[in-house]
Amino acid sequence: MACMSMGRNSRIVGWIRGVLERLAAGIQRTFQHSPPSFRRGAAMMVDAAIVIESFVVALLFRFDGNIELPFRFSFWPFVLASAVLFVLLLRANGVYQSILRYTGIYQGVRIASATSIATGILFLADFAIGPDGVGFMNFNPVPLSVVLMGAVLAYLQLVAVRLYPRVFYELSLREIGRRKRTAIVGTGEQGVALAGHIWRTAAMEMQIVGFVAEDSEDVGKHIEGVSVVGTVDDIEKAISENGVDQVIIATPQASREQIDRIWRTCVRAKAEVKVMPDLGELLTEGTIRLRDIQIEDLLGREPVDIDLDALSEYVNGKRVLVTGAGGSIGRELSRQISRLGPSRLVLLDRDESGLYYLNQELRREEFHDAEIMVGDVTVSERLSFIFERFRPQLVFHAAAYKHVPMMELQATEAIFNNVFGTLNVARSAGAYGAEKFINVSTDKAVHPANVMGATKRLAEMISRDLSSEYPETVFASVRFGNVLGSRGSVIPTFRQQIEAGGPVTVTHPDMIRYFMTIPEAVSLILQAGSMAERETGYATYMLEMGRPVRIMELAQNMIEIMGATDVQIKFVGLRPGEKLSEQLSEDGEKQLETSHAMVYRLTTPKEEEKLSSEAFMSLVDGMVHESKSQESEKAMKLLKNALPTYSEAALEVPENERRSL
């Protein structure tokens, strides 16, 4: 009998559950296919019912269930008027224009605003009707405490009823289908914001199974119902125990060493790694584009801290010229300068396509004060026209040939462009009264062992020499190492080789280089430029490049990141003009600290001080003349005479280990 009764009860419960599910589904279909006006009307009716119910509960609570007779009659007109008032104010605050499943803090603020105004009006009305006011009644329609308590209850329920759809929506998204089991590294603001975005976005197809904290204090705690499953140090265990398919790094303060450790651990655990670029993207665009881990994330450099106030004061309202604006450094210089409020930004390059696309990019960023000038820095007439027309106050000279092996075979062009071009631009800057001339240099100018490096060292010396000829213009050079992602960088070359199936060609197993991303290099160029002052005279600034990177390890890391473990590395020997390692300063140069930790000021070597201005300029004019006449041997002889530190013998490997371009 007991078994029969239990079976009958279970069938009844199942029948009731089925009826309720069909009823809920029917209501949902009705609302989904109903016009917006019907849905808004239904929402208003629900809100009115909530207000009435809240005031009834408040009244019952006030009198402990035993309501005094006068209030039984005066309460109902008052509460109905209150419900209408609440609904009208909610409508006026835009509450009924929102989508329920996206209810958030702003919706709560709107409801709070409507509730506060309604409460104030009801207080005044209740007081005015009573004996202490106009005196329509010899008692208040409802006790004032009921108005306050009813308003508080109404607010809580009005917010709660709007949160339910969002909660159910996000919970349903967490359970739909086969989604990538994801762990988020970072329990700070960025990690929590990412989790919320994933829960609200079905298209991301992820299920968050846990957070990974930076320290053990947070382990075992919960964020939005999801556990903190471990720390960065034991992330492999967290991946294994929770079946994690994907790890997202959402810690903007993470060091490169931490990112490298997380990435290598995830590779061992066969978990995919993604990086959340910036919380600002979510705040401004409402979306997050996760990216794959990049080689730049692993190069051991910390983010550059820039004094934006100094840069804004330096650039804002000025007329600025950037030469070589179509190149990697020139393009980024133009981007960053455009954000600092120049009155005019003149972009000069011989690459008309590069200038066109740069101008289009600046226009997309709402910068419309760029002047596009197609031209060559070696054409004096063109430069004179540009300086005469725009009168730039700040000149950033980034135009140069930079490909080392290619310039070994094109020495006359390297000299004519890099030396004569710099002389042309620097003289024009001085002659037309520019405030500052900033020459963009390279670490290959130190103990130059190739034509490109030698010509860039001469460009530094020309800038220094002209500072005495034009004392009203501040001349400076900024020296740094390789930049990642430029057209001549090893990174794009390795990427193409890996995508083609290999091999990845490395010139020598012991070759090392300094690396810096283009944006941080340009930021520090601007920072150094802001430090150059007339009182200090000419200055060469050197950027702190961090630790050097072994090129073979760089190639190995890229192969791992791109998942091409079958690609081989092939050593092909040094190319013409290449050195195994680069330096950032000469032996005779002293590094002096500046106001920025990553920028140093260098003293001038004594051997360069011995060369008189007249003798130096005579050598420069001679080599430029010979280069223009295509007399390569004569031009190179003069180049070596002008640069005591230039020597092809500086190459550090035997001839049989070198190769041609």
Side-chain angles (χ1 to χ4, degrees), residues 27 30-31 34-169 283:
I27 293 172
T30 300
F31 272 85
S34 61
S37 58
F38 175 80
R39 292 197 293 271
R40 282 195 294 271
M44 291 178 185
M45 294 291 290
V46 171
D47 288 345
I50 287 173
V51 173
I52 293 170
E53 176 265 336
S54 298
F55 277 81
V56 169
V57 170
L59 185 69
L60 290 170
F61 186 82
R62 168 67 176 76
F63 291 104
D64 199 20
N66 187 21
I67 302 171
E68 296 179 5
L69 187 61
F71 292 115
R72 295 183 185 182
F73 298 100
S74 62
F75 172 76
W76 292 108
F78 185 87
V79 77
L80 291 174
S82 301
V84 172
L85 178 63
F86 264 81
V87 169
L88 290 175
L89 288 171
L90 289 169
R91 186 175 185 277
N93 277 271
V95 172
Y96 299 114
Q97 304 299 321
S98 303
I99 300 174
L100 287 180
R101 68 172 177 265
Y102 298 129
T103 295
I105 188 170
Y106 297 112
Q107 187 83 327
V109 170
R110 290 192 183 101
I111 295 172
S113 173
T115 302
S116 300
I117 296 171
T119 305
I121 293 173
L122 292 175
F123 260 119
L124 292 175
D126 194 34
F127 184 80
I129 294 172
D132 296 325
V134 179
F136 288 136
M137 299 175 64
N138 57 4
F139 60 92
N140 293 336
V142 296
L144 292 175
S145 60
V146 171
V147 176
L148 179 61
M149 189 184 302
V152 171
L153 289 173
Y155 172 74
L156 294 174
Q157 292 183 82
L158 289 170
V159 171
V161 78
R162 283 164 172 78
L163 286 176
Y164 290 146
R166 173 173 174 172
V167 171
F168 290 137
Y169 174 70
L283 297 176

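Only a predicted model underlies this, so the values are computations on that prediction, with no experimental measurement involved. Start at 1 with the first residue, then count along the sequence. Both backbone and side-chain heavy atoms feed into the values below; hydrogens, waters and symmetry mates do not.
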Chemist: Donor-acceptor pairs are to be reported for all side-chain atoms of residues 75-95 against protein atoms at under 3.5 Å, with residues two or more places apart or in another chain.
Modeler:
residue : atom : partner : partner atom : Å
S82     : OG   : F78     : O            : 2.8
N93     : OD1  : S113    : OG           : 3.3
N93     : ND2  : L89     : O            : 2.8

Chemist: In Å and rounded to the nearest 0.5 Å, what is the CG to CD1 distance from L156 to I50?
Modeler: 11.0 Å

Chemist: Among residues at least two apart in sequence or on other chains, which ones pass ring-ring contact (aromatic ring centres under 6.0 Å, His included) with F63?
Modeler: F71

Chemist: Look at atom CZ of F123 and say whether more than 12 heavy atoms of other residues, nucleotides or ligands are closer to it than 6.0 Å.
Modeler: yes

Chemist: Tell me which pairs pass salt bridge (Lys or Arg N to Asp or Glu O under 4.0 Å) where either residue lies in residues 146-161, with sequence neighbours left out.
Modeler: none

Chemist: Which atom pairs, one a donor and one an acceptor, fall under 3.5 Å between side chains of residues 143-153 and the rest of the protein, sequence neighbours left out?
Modeler:
residue : atom : partner : partner atom : Å
S145    : OG   : R62     : NE           : 3.4

Chemist: Enumerate the side chain to side chain donor-acceptor pair (under 3.5 Å) contacts for residues 147-157, please, sequence neighbours excluded, ordered by first and then second residue.
Modeler: E53-Q157, S54-Q157

Chemist: Between side-chain atoms of residues 42-49 and protein atoms elsewhere (two or more places apart, or another chain), which donor-acceptor pairs fall under 3.5 Å?
Modeler:
residue : atom : partner : partner atom : Å
D47     : OD1  : R162    : NH1          : 3.2
D47     : OD1  : R162    : NH2          : 3.4
D47     : OD2  : Y96     : OH           : 2.7
D47     : OD2  : R162    : NH2          : 2.6

